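One structure is given below, encoded as structure tokens.
Since this is a predicted model, take the numbers as computed values, not measurements. Note on naming: letters A, B, ... go to the chains in the order of the sequence lines (proteins, then strands), and numbering restarts at 1 for each one.
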Protein chains: 2
Amino acid sequence: MFEPSTLKDIAKALGLSTSTVSRALRDTHEISPETKKIVLEYAEKINYRPNPIALSLKERRSKSIGVIVSEVANHYFSQAINGIESIAYSRGYHVIITQTHESYEREKANIQHLASRSVDGLLVSLSAETSDTSYLQSLHKRGLPMVFFDRVADDIETHKIIANNEKGAFEATEFLIKKGCKRIAHLTSSSHLSISIERLEGYKQALEKYGLPFKQDYVKYCPHGGMFYEETETAVKELMALQEKPDAIFIAGDRLSIGCLVVLKNLRINIPEDINVTGFSNSDVLDLFNPPLTSVRQPAFEMGQIATEKLIKLIESKYPVYEFEKEVLETSLQVRDDL
Amino acid sequence: MFEPSTLKDIAKALGLSTSTVSRALRDTHEISPETKKIVLEYAEKINYRPNPIALSLKERRSKSIGVIVSEVANHYFSQAINGIESIAYSRGYHVIITQTHESYEREKANIQHLASRSVDGLLVSLSAETSDTSYLQSLHKRGLPMVFFDRVADDIETHKIIANNEKGAFEATEFLIKKGCKRIAHLTSSSHLSISIERLEGYKQALEKYGLPFKQDYVKYCPHGGMFYEETETAVKELMALQEKPDAIFIAGDRLSIGCLVVLKNLRINIPEDINVTGFSNSDVLDLFNPPLTSVRQPAFEMGQIATEKLIKLIESKYPVYEFEKEVLETSLQVRDDL
DNA sequence: AAGCTAGCCGGGAACGATTGCATAGATTTT
DNA sequence: AAAATCTATGCAATCGTTCCCGGCTAGCTT
């Protein structure tokens with residue numbers, strides 16, 4: 001079995017002490033140039049690599065950051081992860097990705113596990129089920145650096161990176177209004193998620209600006225963000241069973257948008273004849289869809305990058321940080337309209 | 001800062017030695033029931049968790065496995081990852097996911113990093129660029145357990161989990177032939193990948209069975225598996241510029257299939273009027289596509305599960321394993337045909 | 001009553017690396 | 001010439017855990 005070489009091996013082979021070898025490799029001025037040369041050459045020869053586990057134990061840090069998302073199969077998150085990796089790797093950090101599948105239990109288990117595994121910090125996007133963040137609170141209070149992105153916890157004081165959900169939702173709703181829709185429904189994820197609240201607000205503002213009434217009946221929540229087909233189907237069916245059937249749906253959420261299109265197709269509800277649709281999505285194949293989907297796109301890659309930069313800054317800060325920022329990035333409305 | 005409790009803390013608080021505490025927690029028979037009870041209760045009270053880093057150092061294992069895929073944004077891989085996680089977590093293993101983005105350099109860097117970080121084993125799907133696997137060879141010889149899935153290295157003796165690529169490719173090609181296509185092109189990933197070779201073989205067999213000639217001109221390789229739009233576009237343009245223009249394309253690869261559809265749309269080549277298409281894909285939204293794509297679907301989730309089970313068996317085996325299996329799972333052809 | 005065993009527990013080394021302190025010899029300062 | 005400084009190296013503690021080894025106290029046997 002696979003026995004990597006250690007400082008001790010080098011020391012024994014060269015007749016030196018481990019401390020001398022360690023210092024020689026770290027290029028301290030205390031070691032004579034000749035000794036350094038001998039050590040470096042031998043280390044090179046046997047391909048010595050310091051044991052990161054021993055280092056973690058000693059230094060109480062692991063040069064790795066944990067990422068918590070609901071699913072990597074979500075376009076928004078996979079793009080954000082690419083952004084996270086691009087920064088992390090350039091700064092010498094490992095990235096450990098975990099998925100919650102929108103479950104509070106899995107989120108908690110994953111995060112506890114990451115924390116005990118001594119990640120140096122956390123990049124968190126909450127699961128749809130999560131409303132109690134007290135376990136995160138306690139980790140945060142104990143000094144574990146964390147940065148939220150996309151789905152943030154309002155009661156935890158740290159950096160937060162989000163998209164301009166209100167404006168994105170406003171534009172998507174406005175688009176439907178300008179197409180002549182009068183009864184616009186809103187299909188969204190679980191009600192306590194920050195993104196749901198903000199997108200609902202944008203939706204309301206658009207209605208108000210154009211003098212359309214807001215109706216609670218038109219807002220349908222999917223507590224698991226469309227993880228289950230039935231959840232989405234039920235919501236759509238309920239909307240379509242209303243007395244005043246909606247003539248449009250604005251959907252908040254990547255998975256939900258795609259899921260809703262599938263449901264509509266299966267229910268043989270045609271777009272745009274029977275209903276109009278816009279939604280949040282970062283899919284890069286929306287152009288292939290029929291019916292087309294006008295979508296709000298978030299700068300996922302950049303959000304991942306910024307979140308990682310801020311997290312690393314927190315981790316490497318010598319003094320505790322008490323000033324936190326909430327960075328808001330602009331979304332873009334991508335109009336797709338078959339004429 | 002965040003100081004988790006240790007064995008020493010418990011020992012000091014209870015007036016015992018660390019060894020006694022350690023044994024009490026691990027429920028050794030040497031410790032009296034009363035002492036055990038006291039220790040367990042106190043440990044529970046202060047929420048003691050053994051430090052996994054210290055354990056890793058001592059036990060020379062980390063209870064974590066490394067996964068190497070080209071991209072998590074690929075439907076096949078994200079499903080396989082879900083399968084991997086489902087098994088790994090139930091067996092108490094961590095999963096560390098890394099992406100190669102089809103680059104040999106990134107693959108090598110990631111794997112070296114994982115190995116030095118003491119993952120207990122590796123689940124590998126090679127990048128499109130990789131043809132030299134000697135660095136993997138050497139890790140394997142040094143005893144690092146690894147299992148390949150999907151894109152395997154033929155010259156490394158270990159477990160391999162693949163789909164029946166030949167049969168899948170055969171069926172997809174046969175489907176085109178039965179639709180009446182005579183000049184079927186084949187768009188595939190880089191030529192040295194195992195999946196490319198097998199899918200090409202299935203394609204050839206279908207042609208042969210139905211008495212169609214095989215033409216090298218009809219086979220186009222994308223060395224980066226369609227990572228870059230231009231690569232795919234060039235290949236499609238070359239095919240369409242042939243004197244005997246193909247009347248169908250069979251595409252090997254998830255990303256490539258989607259990419260090719262985008263290219264065809266942009267080039268205003270219509271399906272099925274101008275050309276017919278089938279491809280490998282695990283996307284779950286193909287039903288929303290227009291034009292429709294008849295696709296070969298791989299049992300990605302199961303492949304991930306099986307690979308992980310086999311890897312854990314290798315890791316936990318007390319004796320070196322010399323008998324390796326190649327498990328082949330069946331694909332399914334999902335016909336989508338607008339009449 | 002002396003010896004034996006079993007039960008229970010503590011001491012200390014080990015895993016691999018870093019680092020403050022000690023030390024020996026060489027060199028410079030006063 | 002004695003003292004101070006500097007150079008190059010080694011010793012040992014540390015991080016948190018496990019485990020080998022040995023010690024002590026009962027209780028039991030003969």
Side-chain angles (χ1 to χ4, degrees), chain A residues 1-40 42-43 46-64 92 113 115-120 142-143, chain B residues 1-40 42-43 46-64 92 115-120 143:
Chain A
M1 176 63 183
F2 178 54
E3 290 293 343
S5 45
T6 71
L7 277 188
K8 213 188 279 178
D9 299 337
I10 302 182
K12 204 176 289 173
L14 264 41
L16 293 167
S17 75
T18 56
S19 25
T20 305
V21 175
S22 170
R23 275 184 276 248
L25 290 171
R26 328 201 86 240
D27 204 25
T28 327
H29 62 90
E30 293 186 311
I31 303 294
S32 71
E34 306 91 66
T35 314
K36 267 186 200 167
K37 188 153 170 281
I38 298 173
V39 172
L40 283 173
Y42 187 76
I46 65 168
N47 193 30
Y48 168 78
R49 295 271 173 277
N51 180 327
I53 306 226
L55 278 178
S56 292
L57 183 59
K58 186 108 208 349
E59 318 247 310
R60 294 148 159 282
R61 72 199 168 91
S62 57
K63 274 274 184 180
S64 63
H113 203 158
S116 83
R117 188 78 209 165
S118 293
V119 291
D120 298 339
R142 285 198 279 162
Chain B
M1 174 69 182
F2 180 54
E3 290 293 342
S5 44
T6 71
L7 279 188
K8 215 187 278 177
D9 299 337
I10 302 182
K12 206 176 288 173
L14 263 42
L16 293 168
S17 75
T18 56
S19 16
T20 305
V21 176
S22 170
R23 274 183 281 247
L25 291 171
R26 330 200 84 241
D27 205 24
T28 326
H29 64 269
E30 290 187 314
I31 304 294
S32 72
E34 306 90 68
T35 313
K36 270 186 200 169
K37 187 152 170 283
I38 298 173
V39 172
L40 283 172
Y42 187 75
I46 65 167
N47 194 29
Y48 168 78
R49 295 273 173 274
N51 180 327
I53 306 227
L55 277 179
S56 293
L57 182 60
K58 190 107 218 326
E59 319 245 307
R60 294 146 160 280
R61 73 200 166 91
S62 56
K63 275 276 186 178
S64 63
S116 85
R117 187 78 209 164
S118 293
V119 291
D120 297 340

Can you list the residues that meet the side chain to side chain contact (heavy atoms under 4.5 Å, CB included) rule with B/Ile38, with sequence neighbours excluded? B/Leu14
A/Lys58: partners by salt bridge (Lys or Arg N to Asp or Glu O under 4.0 Å), with sequence neighbours left out: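 With neighbours one apart ignored, the set is empty.
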Which heavy atom of [X] sits nearest to which heavy atom of [Y], and what is that distance?
| X | Y | value |
| --- | --- | --- |
| B/Ala24 | B/Ile31 | N-CG1, 3.9 Å |
| B/Thr18 | B/Ala11 | N-CB, 3.8 Å |
| A/Asp120 | A/Ser62 | OD1-N, 2.8 Å |

Side-chain donor/acceptor contact of A/Arg23 with base of D/dG10 under 3.5 Å: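 Indeed, a donor on one side and an acceptor on the other fall under 3.5 Å apart.
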Where the side chain of A/Lys63 meets the backbone of A/Ser56, is there a donor-acceptor pair that is under 3.5 Å apart?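 Here the side-chain-to-backbone pair does not exist.
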For DNA chain D, find the residues of residues 30-37 of chain A with a heavy-atom distance under 4.0 Å and give them by number; none if there aren't any.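 Residues of residues 30-37 of chain A that come under 4.0 Å of DNA chain D are, in numerical order, A/Glu30, A/Ile31, A/Ser32, A/Thr35.
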For DNA chain C, which residues in residues 10-21 of chain A have a heavy atom at a distance below 4.0 Å? A/Ser19
Ignoring backbone atoms, establish whether B/Arg26 has a side-chain N or O less than 4.0 Å from OP1 or OP2 of D/dT18. yes
If only side-chain N and O atoms of A/Lys58 are considered, is one of them under 4.0 Å from the OP1 or OP2 phosphate oxygen of C/dC15? no
Contact check, side chains of [X] and [Y], non-hydrogen atoms, under 4.5 Å:
| X | Y | value |
| --- | --- | --- |
| A/Thr6 | A/Asn51 | no |
| B/Leu57 | B/Ile53 | no |
| A/Leu25 | A/Tyr48 | yes |
| A/Arg23 | A/Ser19 | yes |

What's the separation between atom CD1 in A/Ile10 and atom OG in A/Ser22, rounded to the nearest 0.5 Å?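 Separation between the atoms: 10.0 Å.
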Those residues that, when tested against B/Thr35, pass side chain to side chain donor-acceptor pair (under 3.5 Å) (two or more places apart):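 If we apply the side chain to side chain donor-acceptor pair (under 3.5 Å) test to B/Thr35, skipping adjacent residues, the hits are B/Ser32.
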Length of the line joining [X]:[atom1] and [N]:[atom2], which is rounded to integer Å:
| X | N | atom1 | atom2 | value |
| --- | --- | --- | --- | --- |
| B/Lys8 | D/dT17 | NZ | P | 10 Å |
| B/Leu7 | C/dG10 | CG | P | 13 Å |
| A/Arg49 | C/dA17 | CZ | P | 12 Å |
| A/Arg61 | C/dT18 | CZ | C1' | 12 Å |
| B/His29 | C/dA6 | NE2 | P | 11 Å |
| A/Arg60 | C/dT18 | CZ | P | 17 Å |
| B/Leu25 | C/dC9 | CG | C1' | 15 Å |
| A/Asp9 | C/dC15 | CG | P | 10 Å |

B/Thr6 near the nucleic acid: base, sugar-phosphate alone, or nothing, with a heavy-atom cut-off under 4.0 Å?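 The answer is sugar-phosphate, as B/Thr6 gets under 4.0 Å only of primed atoms, P, OP1 or OP2.
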So which nucleotide from C/dT19, D/dT17, D/dG16 ends up closest to the side chain of B/Tyr48?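 Between C/dT19, D/dT17, D/dG16, the one nearest the side chain of B/Tyr48 would be D/dT17.
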So how far off straight is the helix from C/dA1-D/dT30 to C/dT30-D/dA1, going by the axes through five pairs at either end, to 10°?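 Inter-axis angle at the ends, rounded: 70°.
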